[in-house]
Protein chains: 2
Amino acid sequence: MNAGLPRLSINQMTVRQLSLPELAEACGESGIGQVGLWRAPVQAYGVDATAKLIRATGLTVTTLCRGGFLTAIDPSERAEALADNRRAVHEAATLGTDTLVLVSGGLPPGTRDLGAARERIADALAELAPYAENHGVRLAVEPLHPMYAADRCVVSTLAQALDLAERFPAHQVGVTVDTYHIWWDDQAPAQIARAGAGGRIHSVQLADWVTPLPEGVLNGRGQIGDGAIDMREWTGYVQAAGYTGPIEVELFNEGLWARDGREVLAETAARFAEHVAPGPS
Amino acid sequence: MNAGLPRLSINQMTVRQLSLPELAEACGESGIGQVGLWRAPVQAYGVDATAKLIRATGLTVTTLCRGGFLTAIDPSERAEALADNRRAVHEAATLGTDTLVLVSGGLPPGTRDLGAARERIADALAELAPYAENHGVRLAVEPLHPMYAADRCVVSTLAQALDLAERFPAHQVGVTVDTYHIWWDDQAPAQIARAGAGGRIHSVQLADWVTPLPEGVLNGRGQIGDGAIDMREWTGYVQAAGYTGPIEVELFNEGLWARDGREVLAETAARFAEHVAPGPS
């Protein structure tokens, strides 16, 4: 492992052009010891095969992305979502990570009640959290930027995510702190402190904010240092909150995906070293 | 004026395909007595000519959009922005409206400090607010959705807008409450109450939230009733806060702009009647 970047974890999505064996090999070459994985490419390669590959290459899996989408009203849709999240718990356990990231889900079509949707997430967490604990997995509720409130995630602020998480023990439910989603929020630094004090920072992810946003606003997350977010400031907040764990770089970016994956990996490691606050010594 | 829609004001941008004379005529035919105007089309037609047209047709101008863009650091850029805002104050006074809407401006290129940018807005308001008062105009600081924080408006919440406004007398500086920008915010209902209690709701605007967002996220504001926002709930909040003034419908929408403007005007009036909370009796 690169002694200078012990905290860096590469989220698989950042270099999704790399297959899992390519990712593992490139991480080894770059001295990166940690990865965050996504369910779809892991399922495509095979969950057991991925776990075997990860063990063989000595990588640590920091998170599995992602469960969630728990806002359905229809009972059969809701049951299917819960079953899928139980499968995600099993996959996380098989991959050897203790953290499953949850993206809550948007408003069911035709509905307009954000508060009621958030309550359905709480109800779902009450079923999933003890189940996950029994499998050695904790849940990390991720607030997504308010521009996703309708169609992807009704949890828009760290305060809302913590309001949900704090209904459960910290070893069952915490939050994901992702700079891309919270950087605009002047309340977020205080909420990071709240999360740290409660032992609920279960995942930290970085992406930069670049404009103009692309159609659909999904795949415009900028490389660290390219955008409006002061990464040193924000990683300083999580550190001041007592967080000493891995920091994932998770970029959804068509431009980066069109490039050579190993080159993007090396660039990301260099940007991390340049822009992220020094870790605890 | 249509007795059923005394509160509706059509923002010029909603039907920007109509010239000012066409807009005035169409409003007359539809029984709409109030309009919100934009500086660029008014300047193109002529400020005095617009004022004359408005007087001749008996319309009321509810707001002029927009001043602002007050975050520059460079002294000459800052001086030019202030001068332009003084021109906007004169234009508002000439048009006979007492309300100038302000969009604050984004981060200057290469900077990352949202808090410092907000302080520069406060400094600019200290110069502009008394000047505007001397011309019978009040300023309405508009929080824009957090997706615009970097490139358009560093004021992202109603709480931030009120924190700025409350440094000045309410008859000088208030806020604009626009559903499109605040609907995701669970703190916004309390902030509307705060604004109302302080006499600082200087403008109310409606647009609905529809997805997917278009590239650049500017021109995807949905027709009332087409999206995720419960208009009855939100207009109920402003009413409960004591606001009895006009409610503008301000839609930026390529699809609406491609249609016949009079048809869009009629549709908008019908949607307003269907979805907006009943007014004070």
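Reminder, nothing fancy here: chain letters follow the sequence lines and each chain counts from 1.
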Checklist entry - Relative to chain B, which of A/S156, A/G115, A/G227, A/P212 shows the most heavy atom pairs under 4.5 Å? => result A/G227

Item to check | Interface residues of residues 146-154 of chain A facing chain B - heavy atom cut-off under 4.5 Å | outcome: A/P146, A/M147, A/A149, A/A150, A/D151

Item to check | Residue list, salt bridge (charged side-chain N to carboxylate O under 4.0 Å, His left out) with A/E166, at least two apart or on another chain | outcome: A/R194

Checklist outcome for this item: So CD of A/E233 and CZ of B/R112: to nearest 0.5 Å the spacing works out to 10.5 Å

Next on the checklist: Given heavy-atom pairs under 4.5 angstrom as the criterion, report whether the side chain, backbone, both or neither of A/Q187 touches chain B.
Outcome noted: neither

Checklist entry - Considering heavy atoms only, which positions within residues 176-186 of chain B lie below 4.5 Å of chain A? => result B/W183, B/W184, B/D186

Checklist entry - What parts of residues 213-224 of chain B touch chain A if we use heavy atoms and a cut-off under 4.5 Å? => result B/L213, B/P214, B/E215, B/G216, B/V217

